[in-house]
Colleague: 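First, the structure itself, so that you have it in front of you.
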Amino acid sequence: MERYDPIRIEEKWQQKWETEKPYQVEDVPTGTKAKLPKKMIAEMFPYPSGAGLHVGHVRNFTIVDVLTRFYVQQGMNVMRPFGYDTFGLPAENYAIKTGTSPKEATAINIANFRKQAKRLGYAIDWDREINTSSPEYYKWTQWCFLQLYKKGLAYRKESYQWWCPVDQTVLANEQVEDGKCWRCGHEVEKKKMKQWFFKITEYADELLDEIDALDWPEKIKTMQKNWIGKSVGAEIEFDIVNGTKLTVFTTRPDTIKGATFLVVAPEYTGLKYIVTDDTREEVEKYCAEALKKSEVERQENKEKTGVFTGSYAVNPATKEKIPIWVADYVLAGYGTGAIMGVPAMDERDREFAEKMNLPVVEVELVDFGQYGTPKTTYKMRDWLISRQRYWGCPIPIVYDAEGNPHPIPEEQLPVIIPEVEDYQPDSSGRSALAKAKDWLKVEIPVKDAKTGETHMETMTRETDTLDGYACSSWYLWRYASPHDTEAAWDAEAIKYWEPVDIYVGADHAVAHLLYVRFWCKFFADMGFLPFREPIKKLIYHGYINAPDGKKMSKSKGNVIDPLDVINDGYGADTLRTYEMFIGPVELDAAWNPRSVGGVYRFLNRCFNLCFQNEKTAKADDNATVRNKTIKKVTEDIYKCNFNTAVAALMEYVNELYKVVVSREDLVVLAKLLKPFAPHLASEMLEKLEATDEWPEWDEKYLVEDTVELVVQVNGKLRANIAIEASELDDEKSLLEKVLKDEKIQKYVKDGYKKTIFVKKAKLVNIVV
RNA sequence: GCCCGAGUGGCGGAAUUGGUAUACGCGUUCGACUUAAAAUCGAAUGGGAAACCAUAUGGGUUCAAGUCCCAUCUCGGGCACCA
């Protein structure tokens, strides 16, 4: 037997697919295509790094590809697009280091990614490629921003923000992990800055309410629910003895009688009206220190600290005078930034009270209606989108001489990223865009409020760029009409193709997957989208680790390069099939080079069955195993059990090796194999002169004439008896037969208590 | 600390949802082909001489438990002063 040569076969088919474009679809399908059921299947588009594809990408893309080919073979109209998420820090940091412009570096990386993806034989519609850093694309990202701006959902606010001193940019909450920057790992700081936000909180309730209905992994749904963090409670207004007022939020307003003190956060805006002259110095010192503390320090040391403000408030329920404190265990960004301390009820308040010697009184629950108003709050904050970086989508805003923001008129879009010499952000906290002096000034038409006449005014551009997540919040809709010059997406194309049927990824549980839902709801409200949830089904797959089980990383030198696997002679089909066989799709898996060889042997056996086999049988001879395999593989792919689908194919091939195969046996093998190993399967189908139409199983072949009856005594297996399938219908005579069986006789010679017959399991259990 | 998820051969993992535990693959051993090796093909492979014993540990429910219930241990993930 020969070894098959995947490299030759794969080259042949990849060339064919390149010229014939069998996976190309129309924006708005016409003719018979328009009547077909559709599937839109996509992966979370990759950031094309200089290192090229890694095995994780291959797992990600291959899952999408298996599903795409599966549905195509079933005769559906399937869109499987591809794109590149190209804005971001790595390209910019590379530019700072080498002077190569991010634009150039990105172009090189995309070309490499595309070449590698083509080498894996994916059923991509290559005319549907998008790139978030191309002006044709980001023009519409800016348009999206303007829509949000018009509705007041993009706004500017001065507040304390996470600041990474290394990357010199602010970060969203989602981009701070364990108090550290998600990109460089440096500890983040708090910095007071005027920044742009998207008002995602406007949709908090809907984002929460509609999540349960989604066909997404429970894990991701729970993470999003926790992130949104809805709390139902009340706001209660306390009179301060000096005549002002202070409002707290609580989920337990009924415990108000137990409130023996109030606490405000160090960043609390009304603090200056509360502090008395004799405590001012001490309070200011405390607040300054609290702000300086990094998030890591705050997390590591949860010891309660705080100082008395000198002021008192009146508990409206007890009329007691209670002290107002400032402490950093109260968070400024949540609720009102102020709480009532109920030490008898709340563990944190008790800890604080004990430390500060504040009174603890028994709580007597009351109806709070007369003291407060019902209020719901969320842990989720508005989405901070300003980035002080060069390589991002410019925010389409200009400022007049007074510093007031104005939107760029839509006809002036896109705001093109200017070329600069030096990509280093400046120390003032502004991106390198600020260095493009000519670009900064722009003539903007302004309508005079009194005369109604329009005149041109010179304004200054915003130098912040958008968080990359903004670019990926709408790309799934761009796929439907990627070359549209008139709109971000075409309404007709969207109506046919979207929402996305299956979305495949391994990251971004709360960030991207929440943002894309938020934008969907917003654009649905604007009348631009005919649905409110962008993704019907989400497949969240595991990572592939190094053979030792550790994360692959360059520094550890344990990275497996998928292109090496291909070029070692295994080929793309082996790589793809191996990664589907590696384990359950949702679990992490460790790379096993030997197992790759096992999958190669399997494909080699498929090849030999088809090309080295002279003898053929009648199509009916192996009908049972053939139909069983069709059923198993079909159902497994529906359930995304790719590992057991491949195992079923292996079993089928093992069976076929034992018998004389028919042409039909081979056709079915090739058809079922095609989603996993499309090149080899295509080669087989060509020789067999068959189409790739997905086969159906016939139930009549699944019923076997003779079956094995399982006989247990007290639940323990004691015998397997071959019987006619029809014997299962007559329990009485079957039992007689079983009791006469010589293996069973010795167990029942002293009689038995009862028997249990389970027809479905072909099982008899005798209780003695 | 709180909330999920998972513990099955030497290894990755199967198991129709309560019904023959260990499918499939790797590894290992033996055999065939070969001057030889590789490749390929075939056979065996949880432990034990056997009765039996094995799905993290200990109990329970059931004719029957990897699967259900209770407790414990270990690992992974998420959240973490959100009032």
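By convention in this document, chain letters (A, B, ...) are assigned in the order of the sequence lines, proteins followed by strands, and residues within each chain are numbered from 1.
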Colleague: Give the nucleotide from the list G25(B), U20(B), G78(B) with an atom nearest to the side chain of Met223(A).
Modeller: G78(B)

Colleague: Would you say a side-chain N or O of Tyr329(A) is under 4.0 Å from OP1 or OP2 of A83(B)?
Modeller: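 It does not, given that no N or O in the side chain of Tyr329(A) lies less than 4.0 Å from OP1 or OP2 of A83(B).
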
Colleague: Please classify the nucleic acid contact of Thr222(A) as base, sugar-phosphate, or nothing, using heavy-atom distances under 4.0 Å.
Modeller: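 Counting heavy atoms under 4.0 Å across all strands, no contact is made by Thr222(A).
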
Colleague: Distance check, C1' atoms only: A15(B) and C33(B), in whole angstrom units.
Modeller: 38 Å

Colleague: Between P on A64(B) and CZ on Arg718(A), what's the gap in Å once rounded to a whole number?
Modeller: 14 Å

Colleague: So which one's nearest nucleotide on RNA chain B is more toward 5', Lys754(A) or Val710(A)?
Modeller: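 Looking at the nearest nucleotide for each, Val710(A) comes out on the 5' side.
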
Colleague: How about Ile211(A) and Lys225(A): do any of their side-chain heavy atoms sit closer than 4.5 Å?
Modeller: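 Side-chain contact under 4.5 Å: yes.
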
Colleague: I want to check one thing: is the phosphate of C24(B), taken as OP1 and OP2, less than 4.0 Å away from some side-chain N or O of Thr644(A)?
Modeller: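 It does not, given that no N or O in the side chain of Thr644(A) lies less than 4.0 Å from OP1 or OP2 of C24(B).
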
Colleague: On a whole-Å scale, what distance lies between the C1' atoms belonging to C41(B) and G46(B)?
Modeller: 27 Å

Colleague: Can U34(B) be described as syn, meaning its chi torsion is within 90° of 0, or is it anti?
Modeller: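 Base orientation relative to the sugar is anti.
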
Colleague: Thr376(A): which residues meet the side-chain contact (heavy atoms from CB on, under 4.5 Å) condition with it, sequence neighbours left out?
Modeller: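 Once residues adjacent in sequence are excluded, the partners of Thr376(A) under the side-chain contact (heavy atoms from CB on, under 4.5 Å) criterion are Lys230(A), Val232(A), Tyr378(A).
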
Colleague: Go through C26(B), A83(B), G19(B) for me and flag the one nearest to the Ser595(A) side chain.
Modeller: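 Out of C26(B), A83(B), G19(B), the nucleotide with an atom closest to Ser595(A)'s side chain is C26(B).
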
Colleague: Identify which nucleotide among U20(B), A14(B), C63(B) has an atom closest to any side-chain atom of Leu717(A), counting heavy atoms from C-beta outward.
Modeller: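 Comparing U20(B), A14(B), C63(B) against the side chain of Leu717(A), the answer is U20(B).
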
Colleague: Indicate, with a heavy-atom threshold strictly under 4.0 Å, whether Glu651(A) touches base, sugar-phosphate, or nothing.
Modeller: sugar-phosphate

Colleague: Using a cut-off of 4.0 Å on non-hydrogen atoms, how would the nucleic acid contact of Arg350(A) be classed: base, sugar-phosphate, or nothing?
Modeller: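 Answer is nothing: Arg350(A) stays at 4.0 Å or more from every strand.
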
Colleague: Rounded to whole Å, how long is the line connecting atom NZ of Lys632(A) with atom C1' of A14(B)?
Modeller: 8 Å

Colleague: When you get a sec, tell me which of C63(B), U20(B), U40(B) is the closest nucleotide to the side chain of Asn765(A)?
Modeller: C63(B)

Colleague: Before accepting this row, confirm whether a basic side-chain N of the pair Glu727(A)/Lys737(A) lies closer than 4.0 Å to the acidic partner's carboxylate O.
Modeller: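 Salt bridge present between Glu727(A) and Lys737(A).
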
Colleague: When Watson-Crick pairs (N1 to N3 and N6-O4 or O6-N4) and G-U wobble pairs (N1-O2 and O6-N3) count only below 3.5 Å on both distances, what is the dot-bracket string of RNA chain B, with | for other-strand pairs?
Modeller: (((((((..(((......[....)))((((((.......))))))((....))..(((((..]....))))))))))))....

Colleague: Start at the 5' end of RNA chain B and walk down; is the nucleotide closest to Gly337(A) or to Phe581(A) reached first?
Modeller: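 On the 5' side of the pair lies Phe581(A).
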
Colleague: Would you indicate what Phe602(A) reaches in the nucleic acid, counting non-hydrogen atoms under 4.0 angstrom: base, sugar-phosphate, or nothing?
Modeller: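 Touches nothing.
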
Colleague: For atom P, what is the distance between A37(B) and U29(B), given to the nearest Å?
Modeller: 14 Å

Colleague: At under 4.0 Å between heavy atoms, what does Asn643(A) touch on the DNA or RNA strands: base, sugar-phosphate, or nothing?
Modeller: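 Contact class for Asn643(A): sugar-phosphate only.
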
Colleague: Could you check whether Gly229(A) gets within reach of a base, just the sugar-phosphate, or nothing at all, counting any heavy atom under 4.0 Å?
Modeller: nothing

Colleague: How would you label the contact of Lys716(A) with the nucleic acid (heavy atoms, under 4.0 Å): base, sugar-phosphate, or nothing?
Modeller: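 Since only primed, P, OP1 and OP2 atoms lie under 4.0 Å of Lys716(A), the category is sugar-phosphate.
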
Colleague: Rounded to the nearest angstrom, tell me the gap between atom CZ in Phe642(A) and atom C1' in G13(B).
Modeller: 17 Å

Colleague: Holding to salt bridge (charged side-chain N to carboxylate O under 4.0 Å, His left out), I want the full list of residues that pass it with Arg626(A), two or more places apart in sequence or in another chain.
Modeller: Asp665(A)

Colleague: Can you tell me how far C1' in A14(B) sits from the matching atom in A21(B), rounded to whole Å?
Modeller: 10 Å

Colleague: At under 4.0 Å between heavy atoms, what does Ile582(A) touch on the DNA or RNA strands: base, sugar-phosphate, or nothing?
Modeller: sugar-phosphate

Colleague: What's the base orientation of G59(B): syn (chi within 90° of 0) or anti?
Modeller: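 The base of G59(B) is oriented anti (glycosidic angle more than 90° from 0).
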
Colleague: Asn654(A) side chain N/O closer than 4.0 Å to the phosphate oxygens (OP1, OP2) of G25(B)?
Modeller: yes

Colleague: Quick one: list whatever passes ring-ring contact (aromatic ring centres under 6.0 Å, His included) with Phe642(A), sequence neighbours left out.
Modeller: none

Colleague: Could you check whether Val758(A) gets within reach of a base, just the sugar-phosphate, or nothing at all, counting any heavy atom under 4.0 Å?
Modeller: base

Colleague: OP1, OP2 of U28(B) versus side-chain N and O of Arg594(A): anything below 4.0 Å?
Modeller: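 Looking at the OP1 and OP2 atoms of U28(B), neither is under 4.0 Å from any side-chain N or O of Arg594(A).
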
Colleague: Determine whether Asp573(A) and Pro6(A) make a side-chain contact, defined as any pair of heavy atoms from C-beta on separated by less than 4.5 Å.
Modeller: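 Asp573(A) vs Pro6(A): side chains apart.
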
Colleague: Would you mind reporting whether Tyr752(A) and Val767(A) have side-chain heavy atoms less than 4.5 Å apart?
Modeller: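 No. Closest side-chain heavy atoms not under 4.5 Å.
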
Colleague: Starting at OH of Tyr540(A) and ending at P of G5(B), how long is that distance when rounded to a whole Å?
Modeller: 17 Å

Colleague: Taking side chain as C-beta onward, heavy atoms only, is Asn315(A) less than 4.5 Å from Thr318(A)?
Modeller: yes

Colleague: Below 4.5 Å, heavy atoms only, C-beta onward: do Ile544(A) and Met552(A) meet side chain to side chain?
Modeller: yes

Colleague: From the list G19(B), C26(B), U40(B), which nucleotide is the closest neighbour of the side chain of Asn604(A)?
Modeller: U40(B)

Colleague: Among the nucleotides C26(B), G42(B), A23(B), which one has an atom lying closest to any side-chain atom of Ala647(A)?
Modeller: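 Within the option list, the nearest is A23(B).
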
Colleague: Could you list the donor-acceptor pairs under 3.5 angstrom formed between side-chain atoms of residues 631-641 of chain A and any protein atom two or more places apart in sequence or on another chain?
Modeller:
{"residue": "Lys632(A)", "atom": "NZ", "partner": "Asp636(A)", "partner atom": "OD2", "Å": "3.2"}
{"residue": "Thr634(A)", "atom": "OG1", "partner": "Ile630(A)", "partner atom": "O", "Å": "2.6"}
{"residue": "Thr634(A)", "atom": "OG1", "partner": "Trp694(A)", "partner atom": "NE1", "Å": "3.0"}
{"residue": "Asp636(A)", "atom": "OD2", "partner": "Thr644(A)", "partner atom": "OG1", "Å": "2.9"}
{"residue": "Asp636(A)", "atom": "OD2", "partner": "Ala645(A)", "partner atom": "N", "Å": "3.3"}
{"residue": "Tyr638(A)", "atom": "OH", "partner": "Gln74(A)", "partner atom": "OE1", "Å": "3.2"}
{"residue": "Tyr638(A)", "atom": "OH", "partner": "Gln74(A)", "partner atom": "NE2", "Å": "3.4"}

Colleague: Taking atom C1' in both U62(B) and G5(B), compute the distance separating them and give it to the nearest angstrom.
Modeller: 27 Å

Colleague: Considering only heavy atoms and no angle criterion, is a donor-acceptor pair shorter than 3.5 Å present between the side chain of Lys753(A) and the base of C63(B)?
Modeller: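 Check fails, no donor-acceptor contact within cut-off.
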
Colleague: Quick one: Leu609(A) CG to U40(B) P, roughly how many Å, whole number?
Modeller: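 Spelled out: CG on Leu609(A) to P on U40(B) is 14 Å.
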
Colleague: Does Arg605(A) place a side-chain N or O at less than 4.0 Å from the phosphate oxygens OP1/OP2 of U40(B)?
Modeller: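 Negative; the distance criterion is not met.
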
Colleague: Which side-chain N or O atoms in residues 705-718 of chain A pair as donor and acceptor under 3.5 Å with protein atoms at least two apart or in another chain?
Modeller:
{"residue": "Asn714(A)", "atom": "OD1", "partner": "Val768(A)", "partner atom": "N", "Å": "3.1"}
{"residue": "Arg718(A)", "atom": "NE", "partner": "Tyr747(A)", "partner atom": "OH", "Å": "3.4"}
{"residue": "Arg718(A)", "atom": "NH1", "partner": "Tyr747(A)", "partner atom": "OH", "Å": "3.4"}

Colleague: Could you tell me how far A50(B) sits from G1(B) if I compare only their P atoms? Round to whole Å.
Modeller: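 These two P atoms come out 48 Å apart once rounded.
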
Colleague: Nearest-Å distance, CZ (Phe352(A)) to P (C81(B))?
Modeller: 16 Å

Colleague: Pick the P atom in G66(B) and in G58(B), then give their distance to the nearest Å.
Modeller: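 Comparing P positions in G66(B) and G58(B) gives a spacing of 14 Å.
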
Colleague: Among U17(B), C26(B), A83(B), which is the nearest nucleotide to the side chain of Lys760(A)?
Modeller: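 In terms of side-chain proximity for Lys760(A), the closest of U17(B), C26(B), A83(B) is U17(B).
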
Colleague: Atom CD1 of Ile220(A) and atom C1' of C3(B): how far apart are they, to the nearest Å?
Modeller: 15 Å

Colleague: Could you give the distance separating G12(B) and U61(B) at their C1' atoms, to the nearest angstrom?
Modeller: 34 Å

Colleague: To the nearest angstrom, how far is Met650(A) atom CE from A14(B) atom C1'?
Modeller: 13 Å

